[in-house]
Amino acid sequence: MAHGAQKRAIVLVANGSEEMEVVITVDVLRRAGIQVLVLAADTSAGPVVCSRGVKLVPDAYLGDDSVRIATYDALVIPGGAEGSATLSENPQVRSILADFYAQKKLVAAICAGTLAIKAAGIQTKVSQPLRLTSHPSVRGQLEQDFLYKEERVVVDGNLVTSRGPGTTFEFALKLVSLLAGDDKRDEVAAPMMLA
């Protein structure tokens, strides 16, 4: 993936999204200079209430005419049981996921958010099973359609997946590496004192 122009990423959210996975990913990407749009999929106004009651105000709402989804380079799906179910069941989200994947744009999901990958049918568009990971609680829903891995972050072409809140920094830094390069990843990681 070329690292020249400023990259842009959409982080989709819904009521019940896992707040750590949303906020850490958005924060790390923004620290790297990646333009991030937090896009709510299940409400047209007001905040999204995350899985632990944290309220997040999205930048925009799915269906806003001003949002030009096709101009973004990456799409991120956080977990949270309720939020990931809502995102997985949304036909517009499934279509966007499938389009991004087909266009070789970065598609990323963490925790139960990986269920949206399956719901979008991405696994049916490839000749070999895609490698991915997820939160262990949804493994059984994925392992028949994918080559399931228990690694903290799994990259298979333009698909990036991760396990849960505790792997979010690694997940977000992998996205930075893929969108902006390893040097930018190292620059962003150093002051966060992760090691």
Just to verify, what does [X] make a salt bridge (charged side-chain N to carboxylate O under 4.0 Å, His left out) with, not counting sequence neighbours?
X	answer
R94	none
R152	E170
E151	none
D64	none

Open item on the list: Under the side chain to side chain donor-acceptor pair (under 3.5 Å) definition, can you give me all pairs with a residue in residues 77-90, not counting sequence neighbours?
Closed with: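 Counting only pairs at least two positions apart or across chains, no side chain to side chain donor-acceptor pair (under 3.5 Å) contact touches residues 77-90.
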Under 3.5 Å, sequence neighbours excluded: what are the donor-acceptor pairs made by side chains of residues 122-129?
residue : atom : partner : partner atom : Å
Q123    : NE2  : K118    : O            : 3.3
T124    : OG1  : G121    : O            : 2.6

Under a 4.5 Å side-chain heavy-atom rule over Ile, Leu, Val, Met, Phe, Trp and Tyr, are [X] and [Y] clustered together?
X	Y	answer
L147	V153	no
L159	L106	no
L39	I110	no
I117	Y72	yes
V38	V93	no

Value rounded to 0.5 Å, distance of [atom1] in [X] from [atom2] in [Y]:
X	Y	atom1	atom2	result
L115	S137	CG	OG	8.0 Å
K149	E143	NZ	CD	12.5 Å
L12	L62	CG	CG	6.5 Å
L173	F169	CG	CZ	8.0 Å
L29	R31	CG	CZ	11.5 Å
L178	N158	CG	CG	10.0 Å

Is it the case that the side chain of [X] and the backbone of [Y] share a donor-acceptor pair, with hydrogens and angles ignored and the cut-off at 3.5 Å?
X	Y	answer
Q35	Q6	no
E21	G79	yes
T167	G164	yes

Side chain proximity check, [X] to [Y], heavy atoms < 4.5 angstrom:
X	Y	value
K174	V155	yes
L37	V11	no
L56	P47	no
R52	M20	no
F171	V76	yes

Open item on the list: Could you check whether D27 pairs with R30 (Lys NZ or Arg NE/NH1/NH2 to Asp/Glu carboxylate O, under 4.0 Å)?
Closed with: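 Answer for the salt bridge query: no.
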Open item on the list: Let's go through M192 and V28 carefully: what are the C-alpha distance in whole Å and the side-chain angles of both, what is the deciding distance for side chain to side chain contact (heavy atoms under 4.5 Å, CB included) to 0.1 Å, and is it a yes or a no?
Closed with: CA-CA 10 Å; M192 290 194 292; V28 170; 4.0 Å; yes
Run the side-chain contact (heavy atoms from CB on, under 4.5 Å) test against [X] and tell me which residues pass, sequence neighbours left out.
X	answer
T133	Y148, V154, T161, R163
V49	N15, K55
D99	S95, Q103
A32	I34, V176, K184, V188

Task: Contacts of type side-chain hydrogen bond (donor to acceptor under 3.5 Å, both in side chains), residue T71, not counting sequence neighbours - done: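 Testing T71 for side-chain hydrogen bond (donor to acceptor under 3.5 Å, both in side chains), a comparison that skips the adjacent residues, returns R8.
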Open item on the list: What verdict does the side chain to side chain contact (heavy atoms under 4.5 Å, CB included) test give for Y101 and L130, after you've listed the backbone C-alpha separation in whole Å, the side-chain angles of each residue and the deciding distance to 0.1 Å?
Closed with: CA-CA 12 Å; Y101 187 79; L130 288 168; 3.3 Å; yes
Taking every non-hydrogen atom, the tightest pair across [X] and [Y]:
X	Y	answer
P58	G46	CD-O, 3.5 Å
T25	A172	CA-CB, 3.9 Å
L75	F100	CB-CD2, 3.8 Å
V48	A14	CG1-O, 3.1 Å
S51	E19	OG-OE1, 2.8 Å
S17	C50	O-CB, 3.1 Å

- [ ] Not counting sequence neighbours, list each pair that qualifies as a salt bridge (charged side-chain N to carboxylate O under 4.0 Å, His left out) and has a residue in residues 37-46.
- [x] none
